[in-house]
Amino acid sequence: MTITPDGAYKSTYFDGMVGLQSSVESGAIVYKYRSMTNNNGQYLAYDSVINGQGLDLEAGYTSVKDTTFSNPKTITGYVVVNANDGITLHGDDQQITFNGTSADTTPKGVIITPYGNINPNGTQNIWYVGNNMSMKTASFGMDSSGTYNIQFNRSLDIGNFNINTYHTFTSTDGAPIHFAKGPGGAADIYAGTVHYDSLVKSSLLSVKKDVQKADTAYWAQLVNSIDLATYQYKSDDSNSHIRLSSIVDDVNDTKQWRLPDIFISRDENGKLNGVDDSVLLNATLATVQEQQKEIDQLNGHNMELEARLNKLEAKLNG
């Protein structure tokens, strides 16, 4: 141990591998580590300082052996702990590591990176926020296999949209909920049974082009060519009711069930996926209009026949 002219107390140690120095100077305790081993032109260098403000830890290297603890040092990372700023991390290897409890024989926990991200440590599979393990507010799967999901155990508010834990999506401000595609337009929705109070189809003239009056006779002919069938889905159980509809034949090359292609819906890859009920409904409306024309025509003939019969009866009774 030496005392320098400026009043610093220093203790120095060297061997073939490292140089160590500790000192008390200027109201601080300073520890210095210098590697004496060349690692690709670099000699590891670490400094630790404890002073009245907190703790400063620096990692880096020197380009030559630093036997005087004063050669220029390249800093690769640091950790600063003080009462004003808390914990500050910077560098490629600087992190906060949680290694688990005394019951864990191998590391288990999380690692907080210099960016503030949370990574798993050891065999840790989830990271949770909550009161305790049995009262999690949310848990986040972080395993590399993707087995563990993200789970929320309380209602989730996203702006004016709420998702609760009772199967309910809520528009908190009462505005419509939109399902949109990233490139624009509305997204397709796949669902089972849909219960609704009202069904509205966008049919504004302002968004349409090539609008022409429909040939109701043509559409009525298409509707009348459809083969209707009763059936049950393979997933139905014995209590399921009998179903009735047209059939999209996606099994036979030579179609066994007639359904004009105009009524068939396809996905974005052109694969058959069902009946376009919107087109079918309006084609059925066209069929009703055609039938009404026939009814009106028959009524006209009946009225004409009735008038002629009245005249004939009048002559006979005259």
Side-chain angles (χ1 to χ4, degrees), residues 156-164 167-236 241-301:
L156 177 64
D157 291 314
I158 308 172
N160 288 315
F161 191 66
N162 172 269
I163 305 174
N164 69 24
H167 313 102
T168 304
F169 295 83
T170 303
S171 172
T172 54
D173 63 353
I177 297 174
H178 300 268
F179 295 88
K181 292 180 179 179
D188 295 340
I189 299 175
Y190 292 82
T193 302
V194 178
H195 301 266
Y196 58 89
D197 294 329
S198 176
L199 185 64
V200 177
K201 175 178 172 55
S202 176
S203 192
L204 300 174
L205 179 60
S206 59
V207 298
K208 298 179 179 181
K209 63 180 182 179
D210 300 331
V211 179
Q212 300 177 19
K213 190 173 182 62
D215 182 349
T216 54
Y218 167 77
W219 288 100
Q221 181 183 11
L222 292 179
V223 168
N224 288 325
S225 71
I226 296 174
D227 287 331
L228 291 177
T230 60
Y231 59 91
Q232 285 188 316
Y233 286 112
K234 294 179 179 179
S235 58
D236 287 345
H241 58 75
I242 295 296
R243 302 175 187 271
L244 169 69
S245 75
S246 55
I247 299 293
V248 178
D249 191 344
D250 61 340
V251 175
N252 302 296
D253 292 334
T254 301
K255 305 305 178 186
Q256 303 299 308
W257 297 90
R258 289 179 300 176
L259 179 65
D261 192 70
I262 193 66
F263 300 127
I264 297 176
S265 175
R266 290 176 168 80
D267 63 18
E268 60 273 13
N269 298 315
K271 183 179 178 180
L272 300 176
N273 66 357
V275 178
D276 189 335
D277 280 337
S278 176
V279 178
L280 182 57
L281 176 62
N282 285 286
T284 304
L285 176 60
T287 304
V288 172
Q289 290 180 347
E290 277 299 301
Q291 291 175 344
Q292 187 61 49
K293 291 177 183 178
E294 293 178 3
I295 292 171
D296 290 344
Q297 187 177 20
L298 289 173
N299 285 338
H301 289 316

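Only heavy atoms go into these numbers, but all of them, side chains included; no hydrogens, no water, no symmetry mates.
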Roughly how far, to the nearest 0.5 Å, is the CG atom of Leu259 from the CG atom of Asp227?
9.0 Å
Tightest non-hydrogen contact, residues Glu290 and Ala220, listed as CG-CB, 3.9 Å
For residues Phe263 and Leu222, determine if any side-chain heavy atom of one lies less than 4.5 Å from a side-chain heavy atom of the other.
yes
If only side-chain N and O atoms count, and only distance matters, is there a donor-acceptor pair under 3.5 Å linking Asn162 with Thr172?
no
Closest non-hydrogen atom pair between His241 and Gln232, with its separation
O-NE2, 3.6 Å
Please report the shortest heavy-atom distance between Asn160 and Asp173, naming the atom on each side.
ND2-OD2, 3.1 Å
Should we say atom CD1 of Ile262 is surrounded by more than 12 heavy atoms from elsewhere, each under 6.0 Å from it?
no
For Lys271, is there any backbone N or O sitting under 3.5 Å from a side-chain donor or acceptor partner on Asn269?
no
Holding to ring-ring contact (aromatic ring centres under 6.0 Å, His included), I want the full list of residues that pass it with Tyr196, two or more places apart in sequence or in another chain.
none
Going by an N to O cut-off under 4.0 Å, is there a salt bridge joining Asp236 and Arg243?
yes
Could you tell me the separation between the CG atom of Asn282 and the OG atom of Ser203, rounded to the nearest 0.5 Å?
7.5 Å
Flag side-chain contact, heavy atom, 4.5 Å: Pro260 against Ile226:
yes
Would you indicate whether Phe179, at its atom CZ, is surrounded by more than 12 heavy atoms from other residues, nucleotides or ligands within a distance under 6.0 Å?
no
Would a 4.5 Å heavy-atom cut-off, applied to side chains only, mark Leu204 and Lys208 as touching?
no
If I take atom CG from residue Asn164 and atom OG1 from residue Thr168, how far apart are they, to the nearest 0.5 angstrom?
4.0 Å
Using only atom types and a distance under 3.5 Å, with no angle test, would you say the side chain of Asp249 pairs donor to acceptor with the backbone of Asn252?
yes
I need the Trp257 CH2 to Asp250 CG distance, nearest 0.5 Å.
13.5 Å
To the nearest 0.5 angstrom, please state how far the CD atom of Gln221 sits from the OG1 atom of Thr216.
11.5 Å
Report the residue from Asn224, Val279, Thr284 that forms a side-chain contact (heavy atoms from CB on, under 4.5 Å) with Trp219.
Val279
How close do Lys181 and Ala187 get, heavy atom to heavy atom, and via which atoms?
CG-CA, 3.7 Å
Any side-chain heavy-atom pair of Ile264 and Leu272 under 4.5 Å
yes
Shortest non-hydrogen separation from Ser171 to Ile177 and the atoms involved:
CB-CG1, 3.9 Å
Checking Asp276, Asp261, Asp188 against Arg266 for salt bridge (Lys or Arg N to Asp or Glu O under 4.0 Å), the one that qualifies is Asp261
Could you report the tightest heavy-atom contact between Ile247 and Ala229, atom names first, then the distance?
CG1-CB, 3.7 Å
Which distance, rounded to the nearest 0.5 Å, do you find between the CD of Gln289 and the OG1 of Thr287?
9.0 Å
